[in-house]
Amino acid sequence: MSGFVVVGTQWGDEGKGKIVDLLTERVDIVARYGGGPNAGHTICVGARRFALHHVPSGILRDNVLCVIGNGVVIEPGSLLKEIDDLREAGVRVEENLRISDRAHLILPYHRGRDIAREEAARNGRIGTTRLGVGPTYESKAGRYGLRVADLGDESGLPDKVGALARMARGDDLHELPAEWDPDPAAVVEQLLVDGARLRPFVTDTSRLLNERLDEGAVVLCEGAQGTMLDLDHGTYPFVTSSSSTAGGACTGLGISPIRVDGVLGVLKAYSTRVGEGPFPTEQDNEAGRRIRERGREFGSTTGRPRRCGWFDALVARYSVMINQVECLALTLFDVLDDFDEIPICAAYEHGGRRIDFLPADPAVLKACRPVYELMPGWKEDTSTARRFEDLPGRARDYMRRLEEAVGCEIGIISTSPQRDGTIVRAGSRVEHWLPMRQAIRARI
Ligand code: IMO
Ligand code: MG
């Protein structure tokens, strides 16, 4: 094994950070391939909680190189703050973090555009994180974006920033909020300061990754967000603006599909979604509130309470197909410990017909009614289980039913936020992947 991808299979917040942190023990490099500060990955080590937004979740391991790939969009100020906080906590950031010179930059205008558009949309809101992520991908696709490499071009910056400030306004938005519409000269000045601080981290990361892969390094490609938020394959238009599926790893890092030989999907034992958009199994009721409380389902980026609901096998099956997931990590399992009955959505009903696939039209998806199967709860604490056999029989039955409904094996079960609250199932595919570390200490 040389490259493998860890991908979210739902609407983000599946607990990817913990799984990546766990697998990182066995890899040489962790590389983020998409998204930006809209991602929030929480990792618990002992009593410490780290909330990461740009920096890959592998950074907490001393001997692993972390890469922010070209597919990521970077807000320089908040990335620098993350770097400072990590350094203060004693993490080896200087040695272990590299940033692509081809990654695009989020400027205040992008954020202004995101906010102005959300405010103007009222009923048609996406419910974005308002961090400027969507508009930055717009300027990337529109070919007027600013990249990390531009930070070195002192004389060219004023024109580029000026052009971007004009473009960000667009034809439909005549005014950005004053706070997010600063004088371009001031923005240039700040960019030069931030650029100087980021410079030691900046490199051609595609070249770095390909060279290390040639030497036999194992690279974990870390996905942010989830399959249902993917620009192409998610619940459009209620999606983020990047390719969060496994395919995005190749374009977002500059590595060939031939380099990727495994995909692990991270799957929550229930469903959540932040922001607007259809969510057939949503429980806007007492059950949903209990899930939210037990799972601490509040956004790590925006603090927003997440919408909570039951497990949706159609979503998971679709993700397994789109990403060719070969093995699943089931997370937040202990959140369900306390329920008498646990529904699983096995199909939808629409217009009197039963359907077992995800419709493309958001209005149709919104009108779908879930058809539930009821599984008996196990009503026991699973957070201390360390082997599959330690789990209550009904919990194992629930899991087997999920595997059957989704069509993919569950290789990892996370039963608490801590590193040791994890079961790796004997004989699962992930067990074969894990000992693959080549222990090539990347020469930086
Ligand atoms: P992680 O990596 C959950 C959602 C937003 C919104 C939509 C578009 O922590 O799983 P954007 O600001 O990206 O334009 O917002 O996407 N969203 C996420 N939801 N987890 C994330 O990342 C998300 N990143 C974006 O809530 O609905
Ligand atoms: Mg999140």
Side-chain angles (χ1 to χ4, degrees), residues 1-9 12-34 39 41-45 50 52 55-69 91 96-97 209 212-213 216-226 244-246 248-249 252-253 255 259-268 319-320 323-333 386 388 408-442:
M1 162 142 316
S2 48
F4 69 101
V5 182
V6 174
V7 70
T9 58
D13 305 322
E14 297 93 347
K16 297 178 289 292
K18 169 179 165 167
I19 300 300
V20 170
D21 172 65
L22 183 85
L23 297 175
T24 298
E25 200 183 355
R26 318 293 183 107
V27 307
D28 303 293
I29 301 178
V30 179
R32 251 290 286 277
Y33 61 82
H41 298 164
T42 311
I43 302 163
C44 301
V45 182
F50 293 89
L52 303 172
V55 178
S57 310
I59 198 72
L60 301 184
R61 306 272 183 181
D62 274 353
N63 54 351
V64 169
L65 183 68
C66 287
V67 168
I68 297 180
V91 175
N96 289 344
L97 180 67
L209 288 169
R212 296 295 173 268
L213 282 161
V218 176
V219 178
L220 187 165
C221 309
E222 176 181 353
Q225 285 84 42
S244 42
T245 41
L253 293 173
I255 58 170
R259 299 279 202 187
V260 176
D261 36 21
V263 178
L264 179 93
V266 187
L267 181 71
K268 196 140 59 170
S319 292
V320 164
N323 300 296
Q324 180 81 45
V325 172
E326 298 165 289
C327 187
L328 287 163
L330 188 68
T331 56
L332 288 126
F333 191 68
R386 295 292 172 265
F388 188 64
C408 187
E409 73 164 10
I410 295 171
I412 298 178
I413 301 146
S414 168
T415 57
S416 85
Q418 297 298 331
R419 271 180 182 166
D420 61 359
T422 314
I423 298 169
V424 178
R425 272 172 89 181
S428 69
R429 200 178 277 254
V430 71
E431 223 195 18
H432 298 295
W433 289 351
L434 287 179
M436 294 303 287
R437 181 184 165 94
Q438 307 291 308
I440 293 202
R441 181 68 196 104

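Counting heavy atoms from C-beta outward, Arg419 and Asp21 have side chains that approach closer than 4.5 Å. Counting heavy atoms from C-beta on, the side chains of Asn96 and Val64 never come closer than 4.5 Å. The side-chain heavy atoms of Thr42 and Pro417, taken from C-beta on, include no pair separated by under 4.5 Å. Using a 4.5 Å heavy-atom threshold, the side chains of Val6 and Leu23 count as touching. The closest side-chain heavy-atom distance from Tyr33 to Val7 is below 4.5 Å. Proximity of Glu409 to Arg425: side-chain heavy atoms (C-beta onward) are nowhere separated by under 4.5 Å. You'll find the side chain of Ile68 reaches within 4.5 Å of the side chain of Pro56, heavy atoms only. Side chains of Arg386 and Thr415 form a contact here, defined as non-hydrogen atoms less than 4.5 Å apart.
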(Q) As a quick check of understanding, evaluate side chain to side chain contact (heavy atoms under 4.5 Å, CB included) for Val260 and Gln324, giving each step before the final call. (A) CA-CA 11 Å; Val260 176; Gln324 180 81 45; over 6 Å; no

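Taking CD1 of Ile19 as the start and CD of Glu14 as the end, the distance is 10.5 Å to the nearest 0.5 Å. Atom CG of Leu267 and atom CD1 of Ile413 lie 11.5 Å apart (nearest 0.5 Å). Taken to the nearest 0.5 Å, the CZ atom of Arg61 stands 6.5 Å off from the OG1 atom of Thr24. Rounding to the nearest 0.5 Å places CD1 of Ile29 at 11.0 Å from OG of Ser2. A distance of 11.0 Å separates CD1 of Ile410 from CD1 of Ile423, quoted to the nearest 0.5 Å. Expressed to the nearest 0.5 Å, how far OG of Ser57 lies from CG of Leu22 amounts to 11.5 Å.
Considering all non-hydrogen atoms of both residues, Cys408 and Cys327 come closest at SG-N, 3.7 Å. Between Leu264 and Val325, the shortest heavy-atom distance links the atoms C-CG1, 4.3 Å. Scanning all heavy atoms of the two residues, the minimum distance from Ile255 to Leu209 falls at CG2-CB, 4.2 Å. Residues Gly69 and Leu253 approach most closely at CA-CD2, 3.9 Å, considering heavy atoms. Considering every non-hydrogen atom in both Asn323 and Ala246, the closest pair reads OD1-N, 2.8 Å. When all heavy atoms of Ala224 and Ala39 are compared, the closest pair comes out as CB-CB, 3.8 Å.
A donor-acceptor contact shorter than 3.5 Å is absent between the side chain of Lys16 and the backbone of Glu222.
In summary, the side chains of Ser414 and Lys18 do present a donor paired with an acceptor at a separation below 3.5 Å, with no hydrogens or angles considered.
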